[in-house]
Amino acid sequence: MSIYYPAKSPKGPVAAFPLRSALVFFVTSFGFYVCYFSSRQIIALETEAETTASGGGAEPTETRCTNRPAIIPHGPQTRGECVCNPVRFFVIVSTQRSGSGWVEALLNSHPNVSSNGEVFSMRERRQNLSSVLGTLDRLYGMDWLTSAAKNECTAAFGFKWMLNQGLMENHRDIVNYLNRKGAMVVFLFRRNTLRRLISVVANNYDRRARQLNGVHKSHVHSKEEAEVLARFRPELDAPALIPSIRTAQRAVRACLRRFGSTRHMVLYYEDVVRDSRKALSRVQEFLGVPARELSSKHVKIHTRPLPDLVGNWEEVRRTLRGTEYSRFLDDDAE
């Protein structure tokens, strides 16, 4: 008779093998899932960062200013760190040979000031009122890139405007425009009209003669160039001298009267020559920019006393002596 013995369940390593295999499989699968999910998150974050840096995205975040600027910046002023920086508009109103080029160069040495030269020296920009206002819109929209552009945030932005460049003909509309824009006016004139006329005649001569190696320069940056230009001693039209002085002074008075309702300050060239630090501090305070030591490479051309500047000085002296303009004869070289 055969006896049947039931088989016993296996023990030891053989029995544990299926359970261990299942555990290893589970851990491996879970680890793979974690790595896959993490890598996807990293890729998503990097993509979002690149999109933000390149200015993409459907809804760019808006920079909120704690102190909203009085004048909203445009153009290059929209750079991140400059968005909340207020921009004040200004215009330097002057006459030729009154130091406006020198003063503008000094102001442009300030890191927060940009002045863009004689914008209306080009006739097409002042053909009529429409072209004047259109030029102003473009300029004060800060859509105007010149050498005056700065890496620092601009706090004061403007230009030069001569009386004979369409300013006086359209003064009412221009005053209204400047007041709407909140633009400030720096009047820069010269007290000694005789000296200014001498400089005008000498500059007009150099336009024709081109004494500096065939090139005309209204402003120079070296003593050597200044000495070359200073050698020419113009002869003034003595009979027309008093009417010319009177006309020039009348134009300045009319300008101050017609633009009196603007926010303005009056600066004289002689005051800048006598004490540039004090005079320029006034201008910087007026423009609302931090006071800085300003510098320029401009070199003054006519530094000698008046008798040495004019070819027919005795005739000029006789013409002005005893008149209301005789005070101009005693003016020292500045």
Side-chain angles (χ1 to χ4, degrees), residues 89-105 107 115-140 144 146 148 158-179 183-209 216-219 229 234 236-237 240-262 264-270 272 298 301-302 325 328:
F89 297 142
F90 70 89
V91 54
I92 301 171
V93 172
S94 188
T95 55
Q96 280 80 5
R97 315 311 296 174
S98 295
S100 63
W102 176 44
V103 170
E104 183 180 51
L107 290 177
S115 189
N116 297 272
E118 293 184 28
V119 169
F120 289 100
S121 61
M122 300 179 66
R123 292 184 180 276
E124 58 267 26
R125 294 175 181 168
R126 52 184 166 94
Q127 286 181 339
N128 49 51
L129 179 60
S130 177
S131 58
V132 169
L133 297 182
T135 300
L136 288 174
D137 279 340
R138 183 181 164 203
L139 180 82
Y140 284 146
W144 203 275
T146 69
F159 68 105
K160 290 195 308 178
W161 204 342
M162 302 293 106
L163 298 193
N164 62 350
Q165 294 176 350
L167 179 68
M168 302 296 281
E169 294 86 341
N170 303 292
H171 68 274
R172 290 188 180 86
D173 295 285
I174 293 171
V175 166
N176 292 334
Y177 183 96
L178 294 176
N179 287 336
M184 299 171 289
V185 180
V186 177
F187 293 111
L188 175 61
F189 298 119
R190 199 164 182 169
R191 288 193 180 96
N192 194 323
T193 309
L194 175 61
R195 277 190 170 275
R196 189 180 80 81
L197 292 179
I198 293 171
S199 182
V200 168
V201 174
N203 187 62
N204 288 340
Y205 169 79
D206 188 66
R207 289 182 189 276
R208 302 186 301 272
H216 166 62
K217 290 187 178 181
S218 296
H219 310 100
L229 296 183
L236 303 183
D237 186 350
L241 186 56
I242 289 179
S244 296
I245 293 176
R246 185 177 293 122
T247 299
Q249 293 192 328
R250 187 182 298 124
V252 169
R253 289 195 298 268
C255 177
L256 292 173
R257 183 177 64 254
R258 293 173 181 177
F259 287 82
S261 62
T262 61
H264 66 270
M265 68 169 290
V266 181
L267 181 68
Y268 288 99
Y269 168 79
E270 288 84 356
V272 183
H298 280 56
I301 298 173
H302 301 110
Y325 305 119
F328 295 150

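Numbers here simply count residues along the sequence, with the first being 1. All heavy atoms count here, side chains included; hydrogens, waters and symmetry mates do not.
Between the N192 side chain and the R195 main chain, a donor and an acceptor come within less than 3.5 Å of each other. A distance-only check finds no donor-acceptor pair linking the side chain of R190 to the backbone of G99 [under 3.5 Å].
Between F187 and C255 the shortest side-chain heavy-atom distance falls below 4.5 Å. Under the 4.5 Å side-chain criterion, counting only non-hydrogen atoms from C-beta, V186 is not in contact with V93. Taking 4.5 Å as the limit, some side-chain heavy atom of S115 sits within range of a side-chain heavy atom of F90. Two residues are said to be in side-chain contact when any heavy atoms from C-beta on lie closer than 4.5 Å; D237 and V201 fail this criterion. Taking the side chain as every heavy atom from C-beta outward, L139 and V119 approach each other to under 4.5 Å. By the 4.5 Å heavy-atom criterion applied to side chains, L241 and L197 are counted as neighbours. Taking the side chain as every heavy atom from C-beta outward, L229 and N203 never approach each other to under 4.5 Å. S98 places none of its side-chain heavy atoms less than 4.5 Å from the side chain of Y268.
Every residue two or more places apart in sequence or in another chain that forms a side chain to side chain donor-acceptor pair (under 3.5 Å) with N128 is listed here: S131. Considering only residues two or more places apart in sequence or on other chains, H264 meets the side chain to side chain donor-acceptor pair (under 3.5 Å) condition with none of them. Applying the ring-ring contact (aromatic ring centres under 6.0 Å, His included) criterion to H216, with sequence neighbours excluded, gives no partner residue. Residues satisfying the ring-ring contact (aromatic ring centres under 6.0 Å, His included) criterion with F120, sequence neighbours excluded, are F159, W161.
Using modelled atom types, one finds a donor on one side chain and an acceptor on the other under 3.5 Å when comparing Y177 with D137. S199 and R97 are linked by a side-chain donor-acceptor pair at a separation below 3.5 angstrom, with hydrogens and angles left out of the test. Counting only N and O atoms by type, the side chains of N164 and Q96 include a donor and acceptor under 3.5 Å apart.
Note: F89 and Y140 have parallel aromatic rings, judged against thresholds of 30 and 60 degrees for the angle between ring planes.
If you take OG on S100 and CG on L107, they are separated by 11.0 Å, rounding to the nearest 0.5 Å. Of the inter-residue distances, the one linking L188 atom CG with M265 atom CE reads 9.0 Å to the nearest 0.5 angstrom. Between the CZ atom in R196 and the CZ atom in R191 there is a gap of 15.0 Å [rounded to 0.5 Å].
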Show me the side-chain donor-acceptor pairs of residues 165-176 shorter than 3.5 Å, one per line, residues at least two apart or across chains.
from : atom 1 : to   : atom 2 : distance (Å)
Q165 : OE1    : M162 : N      : 3.4
Q165 : NE2    : E118 : OE1    : 2.7
N170 : ND2    : G166 : O      : 3.2
H171 : ND1    : M168 : O      : 3.0
N176 : ND2    : R172 : O      : 3.3

Side-chain donor-acceptor pairs under 3.5 Å in residues 242-252, sequence neighbours left out?
from : atom 1 : to   : atom 2 : distance (Å)
S244 : OG     : A240 : O      : 2.8
T247 : OG1    : P243 : O      : 2.9
Q249 : NE2    : T193 : OG1    : 3.4

